[in-house]
Every structure is written in C-alpha cells, then in structure tokens.
Protein chains: 2
Amino acid sequence: MRLRSVFARNLRLLRQATGLSQEQLADLAGLDRNYVGKLEREENSPTVDTLEVLALALQVDVEKLIRRNGP
Amino acid sequence: MRLRSVFARNLRLLRQATGLSQEQLADLAGLDRNYVGKLEREENSPTVDTLEVLALALQVDVEKLIRRNGP
DNA sequence: AACGTTTGACTACTATAGTAGGTGGCACTA
DNA sequence: TAGTGCCACCTACTATAGTAGTCAAACGTT
C-alpha cells in the first residue's frame, strides 16, 4: 500500500475523530478546502511541510499521519 | 525545529551510515543527484511519495527519516 | 418540500518539487 | 602534476503541489 494512501486514510480518520469538516481543518492548517479533499482522495502527495502543518492543526504527532496500522 | 530540517539531517546520517554517495543514493531511489543534495541542504521539502522511495532505497522505515531524535 | 452543511468534481491559475547539464572546489592518491 | 570521487552551487526546464472559484449531489434537520 502506497504511503500516500496510508496518509489519506489516516488524515480522514483523524479529522473526523476531532469533528472537523474538511473546510474547518483547511482553515486551521492554512490550506485550501479543495486541497484537503484531494489529499483524502489520494489525488495529491503532500510535502513534509504540509504534513507538519496538518499534524499541528490536528494536534497529533506527524507519525500518526503516516502509520500503516492506523493513527 | 522544522520537520524539513529534521528530515535533512536524518537523510544525510542514514545515507552516510550505508556508505552511499549522494549520486549512488539518487540512482537507487530513481531521483536526481542534485535533488538529493538540495534535500540534505534543506532547500526542498520532499513529498511523501519521495519520502517513500528514499526509505526504500535506504532500506529503513519511513519513520526513521522524520524522527526528531535522530534515525 | 425546502433549507443548510458537507463533500466530490471540475477549470484555471501560481508556487514549488524534481530533472538535467554544467562549473569549480576540496580531499585523496598515483 | 595529473586524476579521481564527492559535493556545493548555478541556470533553465518540466511536472506536480497547492490556491481559488464554482456547480451539483448527498446528507440530515425542520
């Protein structure tokens, strides 16, 4: 399983666990709403800079976003 | 410390630990020689796709590349 | 039925990741 | 001296990450 797919799944799970919409998370992370959607649909491979701001917005360790066994 | 910097340091340490030159690592990972140099100099933020191929080439877990306490 | 919220999907754009070729410097070895 | 490997650095290019606006489908709520 590609790391991009692992990330996509964990991102969605963590976002939903915090009760945030894609748009709310995007605002918190300083990203675009459409882009968060693309990440969850595995259409984009985020840079580590983006990984960092998303982890910060979700208040989790970056590791949780790319763990293959789920966050 | 920015995640990009953590990655840069770990990449160089792991590459040197395996005795590879930047060019040898680039060839193994299917990347450009100059680009590996830029990553180690913190001039670029790699995507998770790139993270994955580098980890594969170095035969380490992706987590080791972004660990803040060193690989 | 109608309403608001969320998300997928599309187009078009800008910023940056990643490629390719080169120069020059530094260390080492013949 | 010459010759190699390694790396910083440069320019220019192509591919893709990331932004912005919009439309419509799916959902629950009243």
Side-chain angles (χ1 to χ4, degrees), chain A residues 1-68 70-71, chain B residues 1-68 70-71:
Chain A
M1 195 184 194
R2 301 196 38 72
L3 188 60
R4 177 198 292 220
S5 310
V6 173
F7 164 78
R9 192 174 50 88
N10 291 350
L11 176 63
R12 174 159 287 175
L13 287 173
L14 287 165
R15 176 181 63 80
Q16 290 174 337
T18 64
L20 292 171
S21 69
Q22 290 180 350
E23 185 163 20
Q24 289 171 329
L25 174 57
D27 289 345
L28 277 175
L31 297 172
D32 191 80
R33 174 182 82 76
N34 294 296
Y35 183 56
V36 173
K38 285 184 185 179
L39 289 177
E40 291 188 352
R41 272 174 269 131
E42 309 176 20
E43 292 178 15
N44 279 60
S45 177
T47 64
V48 304
D49 288 358
T50 302
L51 227 50
E52 190 170 29
V53 298
L54 281 172
L56 209 62
L58 289 167
Q59 302 183 91
V60 297
D61 198 32
V62 178
E63 186 196 3
K64 278 201 172 187
L65 281 169
I66 57 168
R67 239 216 243 294
R68 291 186 185 275
Chain B
M1 194 184 194
R2 300 193 41 72
L3 187 61
R4 178 197 292 220
S5 309
V6 173
F7 163 79
R9 193 174 50 89
N10 291 350
L11 176 63
R12 175 160 287 175
L13 287 173
L14 286 166
R15 176 182 61 80
Q16 291 175 336
T18 64
L20 292 171
S21 69
Q22 290 180 348
E23 186 163 19
Q24 289 171 328
L25 173 58
D27 288 345
L28 276 175
L31 297 172
D32 190 81
R33 173 181 79 78
N34 295 295
Y35 183 57
V36 172
K38 285 185 184 177
L39 290 176
E40 291 188 352
R41 274 174 268 134
E42 308 177 22
E43 292 177 17
N44 280 62
S45 177
T47 65
V48 304
D49 288 358
T50 301
L51 226 50
E52 190 169 29
V53 297
L54 282 171
L56 210 61
L58 290 166
Q59 301 184 90
V60 297
D61 199 31
V62 177
E63 187 196 4
K64 277 201 171 186
L65 281 169
I66 57 167
R67 238 212 244 294
R68 291 187 186 275

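A note on names: the letters A, B, ... follow the listed sequences, proteins ahead of strands, and every chain is numbered from 1. The shown structure was predicted, so the numbers you read here are calculated from the model rather than taken from an experiment.
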**Q.** Atom-to-atom span, CD of Glu23(A) to C1' of dG8(C) - whole angstrom
**A.** 14 Å

Q | Test log, rule side-chain contact (heavy atoms from CB on, under 4.5 Å), inputs Thr18(B) and Val60(B) | A | CA-CA 11 Å; Thr18(B) 64; Val60(B) 297; over 6 Å; no

Q.
Can you tell me if Gln22(A) touches the phosphate of dG8(C), counting only side-chain N or O atoms and a distance under 4.0 Å to OP1 or OP2?
A. yes

Q | Under 3.5 Å donor-acceptor, Ser45(A) side chain and Thr47(B) backbone | A | no

Q) Rounded to whole angstroms, how far apart are CG on Asp32(A) and C1' on dC13(C)? A) 12 Å

Q | Gln24(B) versus Gly19(B), closest heavy-atom pair with distance | A | OE1-O, 3.9 Å

**Q.** Atom-to-atom span, CG of Leu39(B) to C1' of dT19(C) - whole angstrom
**A.** 13 Å

**Q.** Asn34(A) (side chain) and dG21(D) (base): donor-acceptor pair under 3.5 Å
**A.** yes

Q: May I have the distance from Leu31(B) (atom CG) to dA17(C) (atom P), rounded to whole angstrom?
A: 14 Å

Q) What's the CZ-P distance between Arg12(B) and dC7(D), to the nearest Å? A) 7 Å

Q | Below 4.0 Å: OP1/OP2 of dT16(D) and any side-chain N or O of Arg4(A) | A | no

Q | Closest non-hydrogen atom pair, Leu39(A) against Pro46(A) | A | CD2-CD, 3.8 Å

Q: Verify, without hydrogens or angle tests, whether Arg67(A) (side chain) and Asn10(A) (backbone) share a donor-acceptor contact under 3.5 angstrom.
A: no

Q) Heavy atom of residues 40-50 of chain B under 4.0 Å from DNA chain C: which residues? A) Asn44(B), Ser45(B), Pro46(B), Thr47(B), Thr50(B)

Q: Specify the separation, in whole Å, of atom NZ of Lys38(A) and atom P of dA17(D).
A: 9 Å

**Q.** Cationic N near anionic O, under 4.0 Å, Glu42(A) to Arg2(A)
**A.** no

Q.
Please determine whether a side-chain nitrogen or oxygen atom of Arg33(B) lies at a distance below 4.0 Å from atom OP1 or OP2 of dG5(D).
A. no

Q | Exercise: identify the closest heavy-atom pair between Leu3(A) and Glu52(B) | A | N-OE2, 3.0 Å

**Q.** Atom-to-atom span, CZ of Arg15(B) to C1' of dC7(D) - whole angstrom
**A.** 9 Å

